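Okay, structure first, notes after.
Values in this document were obtained by computation on a predicted structure and should not be read as measured data. Side chains are part of it too, since the values below use all heavy atoms of this structure and drop only hydrogens, waters and symmetry mates.
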There are 2 protein chains.
Amino acid sequence: MLNRNDYTPLYVQLQRIIRQDIIRGKYKEGDMIPSEAQMMKLYGVTRTTIRKAISDLVNEGLLRQVQGKGNFVCLREVKQNIWNFSGFTDYVTKKNETPVSKVLEQRIITQDGREWMKLVRVRGIKNKLATLWLTIDTSLVPLSVFPGIDQYDFSRQSLYSIMKQQYKTVPTHALLQIEPIMGDKNTKELLAYEEDIPLLQANGTVISEDEAEIEQVQVIYGPHMNFKIVTSI
Amino acid sequence: MLNRNDYTPLYVQLQRIIRQDIIRGKYKEGDMIPSEAQMMKLYGVTRTTIRKAISDLVNEGLLRQVQGKGNFVCLREVKQNIWNFSGFTDYVTKKNETPVSKVLEQRIITQDGREWMKLVRVRGIKNKLATLWLTIDTSLVPLSVFPGIDQYDFSRQSLYSIMKQQYKTVPTHALLQIEPIMGDKNTKELLAYEEDIPLLQANGTVISEDEAEIEQVQVIYGPHMNFKIVTSI
DNA sequence: CAGTGGTCTAGACCACCCT
DNA sequence: GGGTGGTCTAGACCACTGT
């Protein structure tokens with residue numbers, strides 16, 4: 001129970017209770033914890049206080065909130081923010097190679113009540129003798145922001161160059177999440193490798209100067225990619 | 001200004017305004033942004049809404065809150081969070097957790113004709129009931145730059161705090177390479193997981209202000225780590 | 001002292017999910 | 001429809017910081 005004479009803020013006391021219940025196994029991975037309304041009655045505090053406690057636990061990665069359903073235990077994810085990340089963009093140009101793209105899929109889909117162009121490409125570099133496929137790139141581009149963008153041929157022109165030239169929109173930020181994955185059979189064929197080795201995958205959102213979401217992107221980096229990061233602390 | 005007819009939540013609109021002001025340089029590193037009371041008048045919303053907007057920006061690492069003084073732009077703090085360099089210890093402490101380190105190996109080796117302290121640690125966070133192991137860190141520290149550093153007990157003090165306090169040397173840059181790996185049996189035991197899932201590994205060099213190489217490091221990130229990246233293109 | 005952020009109350013209406 | 005979280009209002013009192 002909460003102690004109102006304690007100097008410790010109520011929401012901190014509440015956090016400790018919830019955290020301990022999770023660690024002790026009262027609520028297990030994927031379980032729903034009591035609803036905010038229930039906790040209001042149970043602990044005799046307002047919803048604001050409950051939500052402050054929960055909000056911090058979400059940031060810790062211990063809980064996940066789902067609208068209309070509830071708050072759930074989520075025993076993974078410790079988050080880190082990273083700046084100054086330079087990835088594939090510079091990679092090819094720095095190597096003085098010719099970038100190539102093969103379009104695997106390009107069509108309009110509806111998702112979350114919005115229309116998007118879905119674009120799946122294999123991207124790589126080419127020299128006289130061979131083509132080295134490096135990444136599989138899946139993009140969702142909102143048609144509301146880029147009407148008619150599905151008419152372009154993205155095996156010949158890059159997505160960002162079209163956005164810049166035809167729509168005067170420039171990507172300025174990206175929110176990405178990196179995780180290691182095992183490629184499936186299809187991935188192995190596209191990126192031309194055989195071994196059972198793990199790959200890197202980045203998922204995220206690309207944002208323009210005026211904070212519009214201009215692309216949802218998933219990139220699978222093949223075994224020939226090196227991820228170099230230069231960073232200032 | 002805020003648009004009350006927009007379906008976008010007011011606090012999100014507010015975040016965008018503040019973020020843009022920071023990015024565009026209206027508020028610079030270390031500046032105080034307008035006080036919450038001022039913003040209430042300025043935007044005609046309650047303090048709760050203001051604080052929700054600010055709270056998220058704090059979690060993004062863009063602002064820092066100081067009681068009794070104000071809310072300040074904080075681009076430096078974000079950069080400190082890069083891949084644990086500059087400190088796992090700082091990072092974890094900020095999250096109100098207790099960092100723990102277990103030293104697996106600490107000895108002097110000779111490599112490339114130089115003497116190094118080799119330090120292998122498992123690192124994690126601890127609360128009363130459980131310890132969550134997050135990373136396996138292997139560091140090579142040149143004895144020529146840090147003579148006698150092998151005498152310290154790194155299960156009790158962090159490597160960077162010793163470098164800072166005893167040797168007046170601060171890490172400022174890192175050159176890193178990220179790759180996915182499969183953990184071996186030993187890795188699974190140390191990071192306490194069972195499944196055959198791929199992990200992330202970072203290899204690199206940490207460099208001080210005067211461009212001296214102060215550490216060669218390899219970090220294996222366990223399945224509980226989740227990487228979020230915020231980047232400017 | 002006045003100004004700042006930190007905590008908390010007691011409501012309200014909405015969007016979403018499931019049945 | 002009834003339950004859930006998401007957003008927002010209009011206050012209150014406190015702790016901390018400076019002058």
Applying a 4.0 Å non-hydrogen cut-off, can you work out what T48(B) is touching in the nucleic acid: base, sugar-phosphate, or nothing? base

Would you classify R4(A) as touching base, sugar-phosphate or nothing, given that sugar-phosphate means primed atoms plus P, OP1 and OP2, and contacts are heavy atoms under 4.0 Å?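 Sugar-phosphate, no base atom in range.
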
Considering only NZ, NE, NH1 and NH2 on the basic side and carboxylate oxygens on the acidic side, decide whether D196(A) and K188(A) come within less than 4.0 Å. yes

Between D31(A) and K28(A), is the closest basic N to carboxylate O distance under 4.0 Å? no

5'-most to 3'-most nt of DNA chain D touching chain A (<4.0 Å, heavy-atom partner on protein side) reads dG3(D) to dT7(D)

Determine whether a donor-acceptor pair (N or O, by modelled atom type, separation under 3.5 Å) exists between the side chain of Q65(A) and the backbone of V58(A). no

Under 4.0 Å from any atom of DNA chain C, heavy atoms only: list the residues of residues 37-46 of chain B that qualify, in numerical order. Q38(B)

Tell me, please, which residues at least two apart from R4(A) pass salt bridge (charged side-chain N to carboxylate O under 4.0 Å, His left out). none

With nearest nucleotides of DNA chain C determined for K69(B) and G68(A) from heavy-atom distances, which residue corresponds to the more 5′ nucleotide? K69(B)

Expressed in angstrom and rounded to an integer, what is the separation of D6(B) atom CG from dC14(C) atom P? 17 Å

In whole Å, I'd like the distance from the CD atom of Q67(A) to the C1' atom of dC17(C).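 Distance, rounded to whole Å: 9 Å.
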
Which residues pass the side chain to side chain contact (heavy atoms under 4.5 Å, CB included) test with [X], not counting sequence neighbours?
X       : result
E189(A) : K185(A)
I17(B)  : L2(B), D21(B), Y43(B)
T49(A)  : L10(A), Y11(A), V45(A), T46(A)

Over all heavy atoms of both residues, which pair between Y167(B) and I149(B) is shortest? Give the atoms and the distance, please.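 Heavy-atom minimum between the residues: OH-N, 3.1 Å.
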
Nearest heavy atom decides the nucleotide; on that basis, is I33(A) or Y7(A) closer to the 5' end of DNA chain D?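 On the 5' side of the pair lies I33(A).
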
